[in-house]
*Asks:* 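Submitted below is the structure of interest, expressed as structure tokens.
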Amino acid sequence: MRDLDDEAPGAAETLALLYPHTGRADVVGVTGNPGAGKSTLTDRLIEAWRARGLRVGVVAIDPSSPFTGGAILGDRVRMQRHSADPGVFIRSLATRGLLGGLSRSTRDVVNVLDAMGYDRVLIETVGVGQDEVDIAHTAHTSIVVVVPGLGDGVQALKAGLLEIADLFVVNKADRPDAARVVRELEQLLELEGGTRHGWQVPVLQTVATENRGVDALVDAVDAHVHHLRAGPAWAERLRARRRAELSDRVFLALRRRAEAAVEGVGGLDGLLDRLMRGEGDPAGIAQELLDRL
Ligand SMILES: Nc1nc2c(ncn2[C@@H]2O[C@H](COP(=O)(O)OP(=O)(O)OP(=O)(O)O)[C@@H](O)[C@H]2O)c(=O)[nH]1
Ligand SMILES: [Mg+2]
């Protein structure tokens with residue numbers, strides 16, 4: 001698995017072999033502000049799914065630098081209790097150093113887990129970067145976790161998060177104000193019509209630390225998947241995911257070919273020297289390279 005996100009030699013072949021076996025798992029995204037309780041909730045979801053006899057894969061996207069590793073360590077320790085369970089696979093992906101390859105790496109890992117026969121693949125992301133919102137968007141079911149006490153309430157929610165939510169979870173419902181956040185979210189959903197693909201976006205409450213509301217959440221995820229599978233939405237989402245995979249790969253391959261071509265003629269500086277000598281113009285030089293690809 002490590003080799004795949006490092007794009008080691010052989011990774012492409014491995015992914016090609018696995019590819020026909022993908023597309024079966026229910027992919028669930030869990031997104032929300034830092035500290036909203038995503039990992040605690042994930043840990044509870046693993047437990048609940050395992051109790052239902054399902055195999056669970058988890059991809060946790062760590063936005064943190066090694067210098068603020070405390071929270072991550074906490075996550076690891078918490079989820080570590082599942083590590084002896086062969087029905088659970090947990091993989092962390094560091095966002096650092098991936099340079100835009102995050103969506104690709106995540107999709108690769110999801111595909112591997114999917115091909116390995118995990119019934120549920122959960123992706124935990126902090127919904128701060130566009131990349132991460134995109135990742136959640138490629139899940140079949142996106143859970144957006146909100147907590148009471150955000151100050152300006154649901155206004156503080158990133159607009160992108162509202163759009164992707166198939167389910168809202170107000171976690172830390174043991175705190176005051178939870179009911180108000182639920183109401184605000186419901187009003188917001190009502191304003192925008194409240195349904196997507198004919199699906200009424202529910203607003204659930206959980207206390208992840210006490211395992212409260214988790215069974216209802218599992219049921220709601222199941223209901224959503226059932227709803228998707230019963231209509232055209234399932235195929236549409238799979239198509240959207242495949243489209244992103246394809247476009248990433250096609251343009252990455254072309255970019256690499258292009259970079260090699262530029263290297264082959266002495267690099268960008270070599271071309272620049274020609275330009276500075278008055279031999280041609282930028283568009284003409286680009287066209288010359290294109291003709292050689
Ligand atoms: N009171 C209360 N605390 C909770 C609840 N759920 C989680 N917490 C606590 O909130 C803190 C953050 O929980 P995490 O699960 O690490 O949150 P996270 O969203 O994964 O955080 P990052 O991955 O760092 O963004 C921890 O101290 C949890 O114990 C809850 O329902 N109620
Ligand atoms: Mg976490």
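The shown structure was predicted, so the numbers you read here are calculated from the model rather than taken from an experiment. Counting starts at 1 for both ligands and their atoms, following the listed order.
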*Asks:* Can you confirm, on distance only, whether ligand 1 has an N/O atom lying under 3.5 Å from any N/O atom belonging to Leu41?
*Replies:*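 No; the residue has no nitrogen or oxygen that sits under 3.5 Å from a nitrogen or oxygen of the ligand.
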
*Asks:* For ligand 1, does Thr40 get within less than 4.0 Å through its side chain, its backbone, both, or neither, judged by non-hydrogen atoms?
*Replies:*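 The answer is both, backbone and side chain.
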
*Asks:* Between Val207 and ligand 1, find which residue part has any heavy-atom pair under 4.0 Å and reply side chain, backbone, both or neither.
*Replies:*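 It is both backbone and side chain that touch ligand 1.
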
*Asks:* So, is Gly35 polar-close to ligand 1, with some N/O to N/O distance under 3.5 Å?
*Replies:*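 The answer is yes, given that Gly35 and ligand 1 share an N or O pair closer than 3.5 Å.
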
*Asks:* Are any N, O or S atoms from Thr40 nearer to the Mg ion (ligand 2) than 2.8 Å?
*Replies:*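 Looking at Thr40, which is the residue asked about, there is no N, O or S atom under 2.8 Å from the Mg ion (ligand 2).
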
*Asks:* Can you find a non-hydrogen atom of Gly32 under 4.0 Å from ligand 1?
*Replies:*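 No, Gly32 has no heavy atoms under 4.0 Å from ligand 1.
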
*Asks:* Could you walk me through whether Thr141 and Asp166 pass the side chain to side chain donor-acceptor pair (under 3.5 Å) test, one step at a time?
*Replies:* CA-CA 6 Å; Thr141 304; Asp166 299 305; 5.1 Å; no

*Asks:* For a quick check under 3.5 Å, do Thr209 and Thr40 share a side-chain donor-acceptor pair by atom type?
*Replies:*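 No, because no side-chain N or O of Thr209 sits under 3.5 Å from a partner of the opposite role on Thr40.
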
*Asks:* What atoms in ligand 1 come closer than 4.0 Å to a heavy atom of Pro34?
*Replies:*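 Contacts of ligand 1 toward Pro34, numbered from 1: 25 (O).
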
*Asks:* Give a yes or no on this: more than 12 heavy atoms of other residues, nucleotides or ligands lie within 6.0 Å of atom CZ of Arg24.
*Replies:*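 Open: at most 12 neighbouring heavy atoms sit under 6.0 Å from CZ of Arg24.
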
*Asks:* Ligand 1 and Arg175, any nitrogen or oxygen pair closer than 3.5 angstrom?
*Replies:*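 Among all N and O atoms of Arg175, none is under 3.5 Å from an N or O of ligand 1.
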
*Asks:* Among Val144, Leu188, Val182, exactly one meets side chain to side chain contact (heavy atoms under 4.5 Å, CB included) together with Val203. Which residue is that?
*Replies:*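 It is Val182, the one option of Val144, Leu188, Val182 that forms the side chain to side chain contact (heavy atoms under 4.5 Å, CB included) with Val203.
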
*Asks:* Determine, for Asp119 against Arg52, whether the closest basic-nitrogen to carboxylate-oxygen distance falls under 4.0 angstrom.
*Replies:*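 So Asp119 does not pair with Arg52 through a salt bridge.
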
*Asks:* Provide the number and element of each atom of ligand 1 under 4.0 Å from a heavy atom of Val126.
*Replies:*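 In order of number, 25 (O).
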
*Asks:* Of all N, O or S atoms in Glu124, identify the one at the shortest distance from the Mg ion (ligand 2).
*Replies:*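 Distance check against the Mg ion (ligand 2) picks out OE2 in Glu124.
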
*Asks:* May I ask you to decide whether Glu288 forms a salt bridge with Arg274, counting only side-chain N to carboxylate O separations under 4.0 Å?
*Replies:*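 Salt bridge flag = yes for Arg274 with Glu288.
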
*Asks:* Would you call Asp108 and Arg249 a salt bridge, taking side-chain N to carboxylate O under 4.0 Å as the test?
*Replies:*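 Looking at Asp108 and Arg249, the cut-off is met.
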
*Asks:* If you count every heavy atom of other residues, nucleotides or ligands that lies below 6.0 Å from Arg292 atom CZ, does the total exceed 12?
*Replies:*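 Not more than 12 within 6.0 Å, no.
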
*Asks:* Taking the non-hydrogen atoms of Glu124, is any one of them nearer than 4.0 angstrom to ligand 1?
*Replies:*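 True for this residue.
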
